[in-house]
K.L.:
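Take this structure, written in structure tokens, and hold onto it; I'll ask about it next.
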2 protein chains.
Amino acid sequence: MRMMRRKTGQRGAARTPAKTRILDAAETLFARTGFYGVSVREITEAAGVDVALVSYHFGGKRELFAAVFQRRAQLLNPERLAMLEQVRRQALPGAPALEDIVNAFTYPLLERSARGGPGWKSYFALIAQVNNSPEWGPILMTEYFDPLVERFIAVLREALPECDAREIYWGYQFLTGALTLTFAETGRIDKLSGGLCRSTDLDSVHARLAHYVAAGFRALCERARTESGRPAPAARRTRRATSGRTGQRAAR
Amino acid sequence: MRMMRRKTGQRGAARTPAKTRILDAAETLFARTGFYGVSVREITEAAGVDVALVSYHFGGKRELFAAVFQRRAQLLNPERLAMLEQVRRQALPGAPALEDIVNAFTYPLLERSARGGPGWKSYFALIAQVNNSPEWGPILMTEYFDPLVERFIAVLREALPECDAREIYWGYQFLTGALTLTFAETGRIDKLSGGLCRSTDLDSVHARLAHYVAAGFRALCERARTESGRPAPAARRTRRATSGRTGQRAAR
DNA sequence: ATTAAATTTCAACATTTGTTGAAATCGCAC
DNA sequence: GTGCGATTTCAACAAATGTTGAAATTTAAT
């Protein structure tokens, strides 16, 4: 006889499969207190599922952690890549504006975190922690995001052809740092600003980050062009602060 | 009867007190795998000290964590504040350059992480994690750093008098994100750049970050000034990407 | 040398940790 | 229904968790 549909539906019901429920619960809890801050039992209880199923479905706690990380990455990255290529295509025969490149990098993330539901929100909070973790960062971020990042950096280089590659890498690093801290949504900016800004207001971030970062990139390239004379490690100078000469403006 | 000298050291020696050794070991290990990733026993074994001493000297594991966090913060912040005031004084009767303000914020940190010894390095890696943790960030960062941050933001506002305060708060948030990810030293930029950039090369960061951030701040203020007409949440726009008009340069 | 306080040691505590096998149950093609 | 593989349950494992109280030791002032 014909089986009924499947999925969550009413009646015979067949609720979401255990594997998915575990991933969902793990996502939430890992985002809250990190890998070691949650026990397998807490996860399975939150998922309404037996403890042993973690080993059965994933092999172990670490593999579950990686699975959580991978699940949404593989949804996200193709979309980001497509957006990047679209931006690139539209700018032909020239290179796209820096703002547009950065935007293709950040927009799919900000959009899902803002309006994709609580699962996405947890996921990005988790990324914020992993990205800043010496233990997990080099493993998970590298494995699941670096191929995409390399493509982005290539396009950035096209858009800044006379710029030393190192400036681009550092500029990208500053970008990720700013972006991931935003995802952490610790509420610190709320307190600092007395409620004027809200961590959860990712539209505000979307309106600002690309401008901020693009200007930063340009400043780095400019600096490299004009200051190439002095190697500029600085760090000795007890008295004068470093700056370049670009900044006197406000003091005049 | 007379006991022999002490223990390890030769002569009167008086090796570092247990409390300090615990803090040192905890700093290293917490930085590596976070609060839950290390047991009290691992810490005390690394410190060469009995387990019970953590409870005796600090009260418990959580209090130890906070103590680690506080120890160097109280060394750091007065110095940063002094540098900020010095920068401010030198610029009178005008306001300091943005680069100099940012530099007063970051230089004491970068300098210690680069040349202050392994303890400082661990400390900043720990900060990177705490700053991006929804669990600890709002507690520890706020308590130990926000008074200082408020002063910095006040000076930033002096330097950008016509700029909406919100731009400054967001600009600051992007700055901390970029800075703390740098402290994490995950080695990701090393792989990405094929060895061209090194996470540990904080002099490179020092030479770049202030320029990047200062340019970012200016771009935010400029955006607020010119785009105030459209509320600019965007997020719809399928075609045109955001950019301003500044970015065409490379495409020409 | 005597004393009292501060520090360190030791052993044990009740929980909780991740993982595992064997049994039970389910889904579904025959 | 029968049978079979996939999934779930249950109970238990050894190891590790943070904390504590009592005893031993060290430290420093008298």
Side-chain angles (χ1 to χ4, degrees), chain A residues 1-30 32-69 135-136, chain B residues 1-30 32-69 135-136:
Chain A
M1 76 204 22
R2 275 252 84 44
M3 272 300 113
M4 76 189 61
R5 240 342 119 200
R6 228 344 163 119
K7 285 239 167 98
T8 64
Q10 65 304 11
R11 303 273 311 135
R15 56 184 199 169
T16 42
K19 200 165 173 177
T20 309
R21 316 189 71 209
I22 293 174
L23 282 170
D24 290 340
E27 188 170 60
T28 305
L29 296 175
F30 281 146
R32 196 132 57 211
T33 48
F35 178 77
Y36 301 102
V38 187
S39 70
V40 174
R41 275 176 180 81
E42 292 178 276
I43 293 171
T44 52
E45 277 163 26
V49 144
D50 191 273
V51 224
L53 290 187
V54 165
S55 295
Y56 177 75
H57 282 293
F58 300 94
K61 191 187 181 187
R62 300 183 89 86
E63 289 89 339
L64 168 58
F65 193 63
V68 167
F69 205 79
E135 185 186 17
W136 299 104
Chain B
M1 71 197 46
R2 276 253 89 22
M3 273 300 110
M4 80 190 55
R5 238 341 127 200
R6 237 338 160 112
K7 214 168 204 179
T8 62
Q10 70 300 20
R11 309 260 321 129
R15 60 173 198 177
T16 43
K19 201 166 174 175
T20 309
R21 314 189 72 208
I22 293 173
L23 283 170
D24 290 340
E27 189 169 60
T28 305
L29 296 174
F30 281 146
R32 194 130 60 209
T33 48
F35 178 76
Y36 301 104
V38 187
S39 70
V40 175
R41 275 176 180 81
E42 291 177 278
I43 293 171
T44 53
E45 276 163 27
V49 144
D50 190 274
V51 222
L53 289 187
V54 166
S55 296
Y56 177 73
H57 281 294
F58 299 94
K61 191 187 181 186
R62 300 184 90 87
E63 290 90 338
L64 168 60
F65 192 64
V68 167
F69 206 79
E135 185 186 18
W136 299 105

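All values below were derived from every heavy atom in this structure, side-chain atoms included, with hydrogens, water molecules and symmetry-related copies excluded. By convention in this document, chain letters (A, B, ...) are assigned in the order of the sequence lines, proteins followed by strands, and residues within each chain are numbered from 1. Model, not experiment: these values are computed from the prediction.
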K.L.:
Nearest of dG18(C), dT7(C), dT19(D) to any side-chain atom of K61(B)?
P.N.:
dT19(D)
K.L.:
Picking from dT9(C), dT8(D), dT9(D), which would you name as closest to the side chain of A52(A)?
P.N.:
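Within the option list, the nearest is dT9(D).
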K.L.:
How close or far is atom P of dG18(D) from atom CG of L29(B), stated in whole angstroms?
P.N.:
12 Å
K.L.:
With no hydrogens and no angle check, is any side-chain donor or acceptor of T20(B) less than 3.5 Å from a backbone partner on T16(B)?
P.N.:
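No: the side chain of T20(B) does not pair with the backbone of T16(B).
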K.L.:
Given that V51(A) and R41(B) both sit by DNA chain D, which one's nearest nucleotide is further toward the 5' end?
P.N.:
V51(A)
K.L.:
Rounded to whole Å, how long is the line connecting atom CG of D50(A) with atom P of dT19(C)?
P.N.:
14 Å
K.L.:
As a quick check of understanding, evaluate salt bridge (Lys or Arg N to Asp or Glu O under 4.0 Å) for R21(B) and E27(B), giving each step before the final call.
P.N.:
CA-CA 10 Å; R21(B) 314 189 72 208; E27(B) 189 169 60; over 6 Å; no
K.L.:
What's the CG-C1' distance between L53(B) and dG18(D), to the nearest Å?
P.N.:
14 Å
K.L.:
Quickly work out the E45(B) CD to dC10(C) P distance and round it to whole Å.
P.N.:
13 Å
K.L.:
Which nucleotide in the set dT9(D), dT19(D), dA6(C) lies at the smallest distance from any side-chain heavy atom of S55(B)?
P.N.:
dT19(D)
K.L.:
Is any side-chain nitrogen or oxygen of S39(B) closer than 4.0 Å to OP1 or OP2 of dA16(D)?
P.N.:
no
K.L.:
If you check every side-chain atom of E42(B), which of dT19(C), dT17(D), dG18(D) has the closest atom?
P.N.:
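Of the candidates, dT17(D) comes closest.
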K.L.:
Look at the side chain of V40(A) and decide which nucleotide, out of dT19(C), dT7(C), dT19(D), has an atom nearest to it.
P.N.:
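Of dT19(C), dT7(C), dT19(D), dT19(C) is nearest to the side chain of V40(A).
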K.L.:
Can you measure Y56(A) atom OH to dT25(C) atom P for me and round it to whole angstrom units?
P.N.:
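My rounded result for the distance is 17 Å.
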K.L.:
What is the distance, rounded to the nearest whole Å, between atom CD1 of I22(A) and atom C1' of dT7(D)?
P.N.:
11 Å
K.L.:
Give a yes or no answer on whether the side chain of K61(A) reaches the backbone of F35(A) with a donor-acceptor pair at less than 3.5 Å.
P.N.:
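Present.
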K.L.:
How many Å lie between CD1 on I43(A) and C1' on dT16(C), as a whole number?
P.N.:
14 Å
K.L.:
Strictly below 4.0 Å: does H57(A) bring a side-chain N or O up to OP1 or OP2 of dA6(D)?
P.N.:
no
K.L.:
For Y36(A) and dA16(D), what is the distance between atoms OH and P respectively, to the nearest whole Å?
P.N.:
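In whole Å, dA16(D) P lies 14 Å from Y36(A) OH.
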K.L.:
Measuring centre to centre across the rings, with the benzene-like ring taken for any Trp, is W136(A) within less than 6.0 Å of F65(A)?
P.N.:
yes
K.L.:
Backbone N or O of E42(A) within a donor-acceptor pair of the E45(A) side chain at under 3.5 Å?
P.N.:
no
